[in-house]
Amino acid sequence: MVGKRLIMMGPPGGGKGTQAKRIQERYNVLQLSTGDMLRAAIAAGSPVGKQAKAVMDAGKLVSDDLLIEMIDKRLDDKDCANGFVLDGFPRTIPQAEGLENLMANKGLKLDAAIEVRVPDEKLLERLTGRYTCAKCGEGYHDKFKLPKAAGVCDVCGGKEFSRRSDDKADTVKTRLKAYHAQTAPLLPFYERKGVLKVVDGDRDIGLVAADLERILGL
Ligand code: ADP
Ligand code: ADP
Ligand code: ZN
């Protein structure tokens with residue numbers, strides 16, 4: 001079994017959140033989605049949220065300093081002690097370097113960086129069909145992951161769902177550009193460090209999950 005400090009990387013809509021959630025449950029580690037943290041900050045009207053909102057609506061990346069500080073603080077919380085899977089962070093080389101520094105300062109070692117690989121032409125459909133349970137945050141898809149009973153969340157029984165405003169086709173294009181220009185360079189960065197693990201994300205959710213369990217030695 002590889003250790004319990006993981007990064008989940010991949011393009012928007014690649015399945016990072018879906019797989020990170022499964023790892024959280026199977027592996028007893030905490031999923032930390034920076035996108036969720038930023039959306040919570042926006043909903044709360046906090047200064048961080050105010051700074052992030054326009055950038056996120058435009059499909060661009062929020063500032064490195066803000067993200068690094070957010071993660072630096074969050075990893076000190078008790079619920080991260082058994083391990084974590086970072087979902088959506090780091091997204092730039094400065095963030096990756098920032099993570100390396102802050103983990104070194106805390107005496108922590110990164111065990112694996114997982115790339116969920118999905119070709120661009122699949123992502124638009126993944127993103128425009130995505131929705132989540134408003135109550136518990138469970139993720140669904142119009143075509144690829146329907147609740148067992150129509151309109152009712154499998155996990156909590158909730159009946160309200162929401163869609164992200166940045167999952168519209170035109171914003172998705174900007175997000176994909178940002179991924180290729182700013183985030184894809186992290187793949188060779190982690191490969192050089194010997195921690196990169198690639199999983200083929202262009203298959204059924206269950207098959208991707210099984211492959212990941214094998215890779216992580218679960
Ligand atoms: P990310 O966190 O990388 O943006 P998500 O996990 O939110 O991606 O997945 C995006 C959408 O695609 C969601 O609606 C999810 O249910 C769906 N999805 C995730 N993995 C797969 C898969 N392997 N095949 C088809 N659809 C998927
Ligand atoms: P997805 O699951 O589709 O990849 P996320 O929920 O991870 O999207 O992120 C949504 C938005 O939040 C991003 O488009 C970006 O504006 C912002 N964001 C999230 N994580 C980061 C990060 N590490 N650095 C900069 N911006 C981020
Ligand atoms: Zn629910």
Side-chain angles (χ1 to χ4, degrees), residues 7-23 31-42 48-49 51-71 85-96 98-99 114-118 122-147 151-167 171-179 182-183 186 199-212:
I7 296 174
M8 190 67 81
M9 291 195 309
K16 299 181 297 295
T18 302
Q19 298 300 334
K21 217 169 184 154
R22 287 196 174 212
I23 291 176
Q31 172 194 12
L32 285 178
S33 157
T34 45
D36 285 349
M37 291 163 81
L38 291 168
R39 283 183 289 275
I42 291 174
V48 166
Q51 213 180 315
K53 185 171 187 328
V55 183
M56 288 172 75
D57 284 345
K60 300 198 170 145
L61 295 185
V62 177
S63 92
D64 290 334
D65 290 347
L66 190 155
L67 267 293
I68 293 166
E69 196 188 329
M70 201 167 83
I71 288 293
V85 50
L86 293 173
D87 165 8
F89 178 92
R91 256 177 157 103
T92 64
I93 293 282
Q95 288 181 22
L99 178 65
I114 299 154
E115 178 199 0
V116 185
R117 192 174 288 175
V118 179
K122 301 287 177 79
L123 299 171
L124 184 62
E125 189 180 25
R126 290 251 191 120
L127 291 166
T128 52
R130 166 161 72 181
Y131 61 99
T132 52
C133 171
K135 202 165 148 197
C136 77
E138 180 69 5
Y140 293 97
H141 192 280
D142 291 327
K143 190 165 153 191
F144 304 125
K145 193 187 165 196
L146 295 155
V152 183
C153 175
D154 296 345
V155 176
C156 76
K159 290 184 178 156
E160 303 228 358
F161 298 88
S162 65
R163 290 182 190 259
R164 278 168 49 179
S165 56
D166 60 344
D167 279 345
T171 316
V172 166
K173 283 189 196 127
T174 311
R175 288 162 60 202
L176 281 177
K177 270 192 199 146
Y179 178 74
Q182 292 170 276
T183 308
L186 295 185
V199 65
D200 176 6
D202 187 15
R203 298 170 300 160
D204 279 2
I205 293 174
L207 291 176
V208 180
D211 215 15
L212 261 176

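Whatever order the structure lists them in is the order used to number ligands and atoms, beginning at 1.
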Identity of the nearest option to atom 27 (C) of ligand 1, non-hydrogen atoms only, from K21, R22, R126: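 When every heavy atom of K21, R22, R126 is considered, R126 comes closest to atom 27 (C) of ligand 1.
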
Of the listed options M37, R39, K60, R91, closest to atom 6 (O) of ligand 2 (non-hydrogen atoms): R39

Proximal ligand 2 atoms for R175, defined as those under 4.0 Å from one of its heavy atoms: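 What qualifies from ligand 2 is 1 (P), 3 (O), 8 (O).
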
Distance filter under 4.0 Å to P12 heavy atoms, resulting ligand 2 atoms: 3 (O), 4 (O)

Separation of I7 CD1 from R91 CZ (nearest 0.5 Å):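 So the CZ of R91 and the CD1 of I7 are separated by 12.5 Å.
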
Within-cut-off N or O pair, M56 and ligand 2, under 3.5 Å: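 N/O-N/O distance under 3.5 Å: no.
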
Polar contact flag for G59 and ligand 2 (N/O pairs, less than 3.5 Å): no

Salt-bridge present (E138, K145; N to O < 4.0 Å): yes

Set of residues satisfying ring-ring contact (aromatic ring centres under 6.0 Å, His included) with respect to F144, sequence neighbours excluded: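 Expected list: H141.
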
Per-residue contact class, K53 against ligand 2 - non-hydrogen pairs under 4.0 Å: neither

Near the Zn ion (ligand 3) (under 2.8 Å) - protein N, O or S atoms: C133 SG, C136 SG, C153 SG, C156 SG

Part of P11 within contact of ligand 1 (heavy atoms, under 4.0 Å): backbone

